[in-house]
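Comments concern the structure below.
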Number of protein chains: 2
Amino acid sequence: MNSPKRTTIYDVAEEAGVAASTVSRALRNPRRVNAATREHVLRVAERLGYRPSPLATALQSGRTATVAMLVPDITNPHFFGTIRGAERRASAAGITFILSYTEESADNERNQIEHLARSVDGFILASSRMSDEGLWEMAEEHNLALVNREVRGLPSAVVDSRVGSRQIVEHLASLGHRSLVYLSGPHQSWPAGERWRGLRDGARNLGIRATRLGPFPPRVVGGGAAADAVLVTGATAVVAHNDLLAIGVLRRLAERGVSVPEQISVVGYDDIFGADFCVPALTTLAGPQDEAGRSAVELLLENRSRSTARTPDRRVMLPSHLVIRDSTGPAPA
Amino acid sequence: MNSPKRTTIYDVAEEAGVAASTVSRALRNPRRVNAATREHVLRVAERLGYRPSPLATALQSGRTATVAMLVPDITNPHFFGTIRGAERRASAAGITFILSYTEESADNERNQIEHLARSVDGFILASSRMSDEGLWEMAEEHNLALVNREVRGLPSAVVDSRVGSRQIVEHLASLGHRSLVYLSGPHQSWPAGERWRGLRDGARNLGIRATRLGPFPPRVVGGGAAADAVLVTGATAVVAHNDLLAIGVLRRLAERGVSVPEQISVVGYDDIFGADFCVPALTTLAGPQDEAGRSAVELLLENRSRSTARTPDRRVMLPSHLVIRDSTGPAPA
DNA sequence: CGTGTCGTGGCAAGCGATTGCCAAAAGTTG
DNA sequence: CAACTTTTGGCAATCGCTTGCCACGACACG
């Protein structure tokens, strides 16, 4: 506990026979102090086991060396990669990483930001539920970086799903499929729009038919209704908004005795943990989610001193790739 | 950004025509100030959009309203439940949640604690890699709560795996198995010891043979070697240290054409995401991991003002239950 | 040798709250 | 109505660190 008062910069100063300011400079601003003095101060600090107080530092300097990541839904494995990447990058830069969940609500997101605003240098908003306008407004006051969401004027790191979606279409077309169904995620979901556009455009180019159903909750449980909806369309290929939904679809199809991929091919997005060992193993569009998290932290760091000039909005686009497994196959004759 | 200086307690004080101290009291210590004054101050604060600075508060009062959770390995889904539970509980109490990974290293763990010590009210150590001695030492200086680890004198929240392990043995024995193999996790792992003891004792009671192999890395990739090791023993039942390892075993067995559960029954621990849709679906000992996370936060909160008396060490033991799926079946004749 | 420059270190004013202590105002009591 | 207690609000110190400004000495230069 804090009972045995921790050693402060003053303790070090006294012990070293210098002023507190000198200690501070020796630590933060090496060139501002004589090499010998500095060496001495450092040694004393070390001996006393001195640790700076991040709070005091932050209060004074305004820099907290902390970032917060806001994620809509903690139960969604999709975010694990992003969280991991962001945490790693932050950690490597000596930056404290705060994780918080917004329970899928834009209001909640706003509140969290407001609540943490003074304690962090910036926010990583993963799959934000806020509107573009809301984000712009927030960005006036706070340092933001978006993950898997693009908004004009705001820095973002996204895994491509537009180009990847075309690859999906090409893959399916090459297997002889003439039509596909996209099982859409939530309406406000930015990637859902991207994916659909990619699929639609790809389909148009290749002269096959693409239709969209939904929205469905992007979770395993959503797969039941989704699968049934697909069956009535008679489609031979279905692309689910994400792997969870795809897995739910696989389940329901198995229940109903529809064989995959013989009768229907199924594709997902994200390549989450488990996509390789569900049955049949899922064909899915994989992307470097952890890279996205990493990049987001970097965008935040770049923007730290944005107080003066507005940096041009940086956008990082990470390439995705199609992982072909057992859930896709030749279209039935 | 911070350019438009955020409103402070002084701004509110001036606007309301009172002293800063009054504002502070109106906010924190309502009974210390006249109801009318208080009402007025609150209104002004609201109008000015005042938000207290957590940093300043923490610096002065010593309470940070923040907890940190240290997890050895971010890639292990086992921790997701615990993280979720802890985050939720913290969030509900208005407490900021810091998440950090220790990369499986005790040293790293120690460093992280040292690094964050001034910024948090306490630490949740999930599956700590530190020795008992190390933990005692840390507990002298810091407010700790352990998850899935019991150490004398320290508060902890653990999911029972001892009793649960007996249930596993009973389940297997009832299916006619006369011997089982435990695929052990890392040697320093506390649950590994518990599980083994539970299995061994259970086996002794029921007159069946239990042997231990390992240690194996508790990940899917560890399953390959583990499965092969099992096969040479000729055992009919194998209990893996966790679901990841179990899934790896399932895979390898499938590769080698060994059918589960006809030839070998497989059991895991944790009931992670995916355990229900791998093939065959995994029989596993499920526990309320999120409860453990939640409890850990509560232990920390109880102990917040521990500066004076040492509270008796609180231990929370959460019950586990066996989820029987398709990976276990009657012993082969 | 006088003066200008540069390198160093110290002083002290914050950063934004909390809180012990005190004094003025209000309420109580005989 | 005097004496005393209780409320209530303000002053100022404090938490631990950063940083602008100043001063002092060393050094270089003309």
Side-chain angles (χ1 to χ4, degrees), chain A residues 2-42 44-45 48-66 115-121 305 307, chain B residues 2-42 44-45 48-66 116-119 121 305 307:
Chain A
N2 297 7
S3 340
K5 252 192 176 41
R6 301 194 132 269
T7 73
T8 76
I9 205 171
Y10 290 102
D11 301 329
V12 177
E14 187 175 13
E15 179 75 13
V18 298
S21 46
T22 303
V23 177
S24 174
R25 290 195 186 104
L27 265 40
R28 306 281 177 202
N29 200 351
R31 318 149 37 86
R32 187 63 181 68
V33 69
N34 186 290
T37 326
R38 167 153 194 266
E39 199 54 37
H40 175 221
V41 169
L42 259 44
V44 172
L48 265 46
Y50 167 75
R51 303 270 164 185
S53 156
L55 274 61
T57 306
L59 180 58
Q60 160 60 31
S61 69
R63 271 168 275 112
T64 60
T66 302
H115 177 71
L116 290 170
R118 318 276 290 245
S119 325
V120 307
D121 286 346
S305 47
S307 43
Chain B
N2 297 9
S3 339
K5 255 190 173 44
R6 299 194 133 270
T7 73
T8 77
I9 205 171
Y10 291 102
D11 301 330
V12 177
E14 187 174 12
E15 179 75 13
V18 299
S21 46
T22 304
V23 177
S24 175
R25 289 193 187 105
L27 266 41
R28 305 283 176 199
N29 200 351
R31 316 151 37 85
R32 186 64 180 67
V33 70
N34 185 289
T37 328
R38 168 154 194 266
E39 199 53 38
H40 176 220
V41 168
L42 257 45
V44 171
L48 266 46
Y50 168 75
R51 305 270 163 184
S53 156
L55 275 62
T57 306
L59 178 59
Q60 160 61 28
S61 69
R63 273 169 275 113
T64 60
T66 303
L116 290 170
R118 318 278 289 245
S119 324
D121 287 345
S305 49
S307 43

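Fair warning: this is a prediction, and the values are worked out from it, not measured in the lab. Any value given below was found using the heavy atoms of this structure, including those in side chains, with hydrogens, waters and symmetry copies removed. Here is how names work: the chains are called A, B, and so on, in the same order as the sequence lines, proteins then strands, and each is numbered from 1.
- A 4.5 Å side-chain heavy-atom check between A/L27 and A/L42 finds at least one atom pair inside the cut-off.
- Atom OG1 of residue A/T22 and atom NE2 of residue A/H40 lie 12.0 Å apart, to the nearest 0.5 angstrom.
- Side chains of B/I9 and B/S24 form a contact here, defined as non-hydrogen atoms less than 4.5 Å apart.
- A salt bridge (Lys or Arg N to Asp or Glu O under 4.0 Å) check over residues 28-42 of chain A, counting only residues at least two apart or in different chains, returns the pairs A/E39-A/R43.
- Closest approach of B/A58 to A/L55, counting heavy atoms only: CB-CD2, 3.0 Å.
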Interface polar pairs with nucleotides 17-20 of chain D, N/O, under 3.5 angstrom:
unit_1	atom_1	unit_2	atom_2	d
D/dC17	OP1	A/Y50	OH	2.5
D/dC17	OP1	A/S53	N	3.2
D/dC17	OP2	A/I9	N	2.5
D/dC17	O3'	A/T57	OG1	3.4
D/dC17	N4	A/Y10	OH	2.9
D/dT18	OP1	A/R28	NE	2.3
D/dT18	OP1	A/R28	NH2	3.2
D/dT18	OP2	A/S24	OG	2.6
D/dT18	O2	A/Q60	NE2	3.3
D/dT19	OP1	A/R63	NH2	3.4
D/dG20	O6	A/R25	NH2	2.5

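- Heavy-atom nearest nucleotides on DNA chain D were determined for B/L59 and for B/R32, and the one closer to the 5' end corresponds to B/R32.
- Formation of a donor-acceptor pair under 3.5 Å by the A/R6 side chain with backbone atoms of B/R118 is not found in this model.
- Under the side chain to side chain contact (heavy atoms under 4.5 Å, CB included) criterion, A/H115 pairs with B/T96, sequence neighbours left out.
- Near-neighbour residues of DNA chain D inside residues 34-41 of chain A, defined by a heavy atom below 4.0 Å, are absent.
- Counting heavy atoms from C-beta outward, A/N29 and A/V33 have side chains that stay 4.5 Å or more apart.
- Nucleotide C/dT18 holds its P atom 13 Å from the CG atom of A/L55, rounded to whole Å.
- At a threshold of 4.5 Å between non-hydrogen side-chain atoms, the residues B/P54 and B/T64 do not count as touching.
- Where the helix from C/dC1-D/dG30 to C/dG30-D/dC1 starts and where it ends, the local axes point in directions that differ by 40°; five pairs per end, rounded to 10°.
- Applying the side chain to side chain donor-acceptor pair (under 3.5 Å) criterion to A/E15, with sequence neighbours excluded, gives A/R47.
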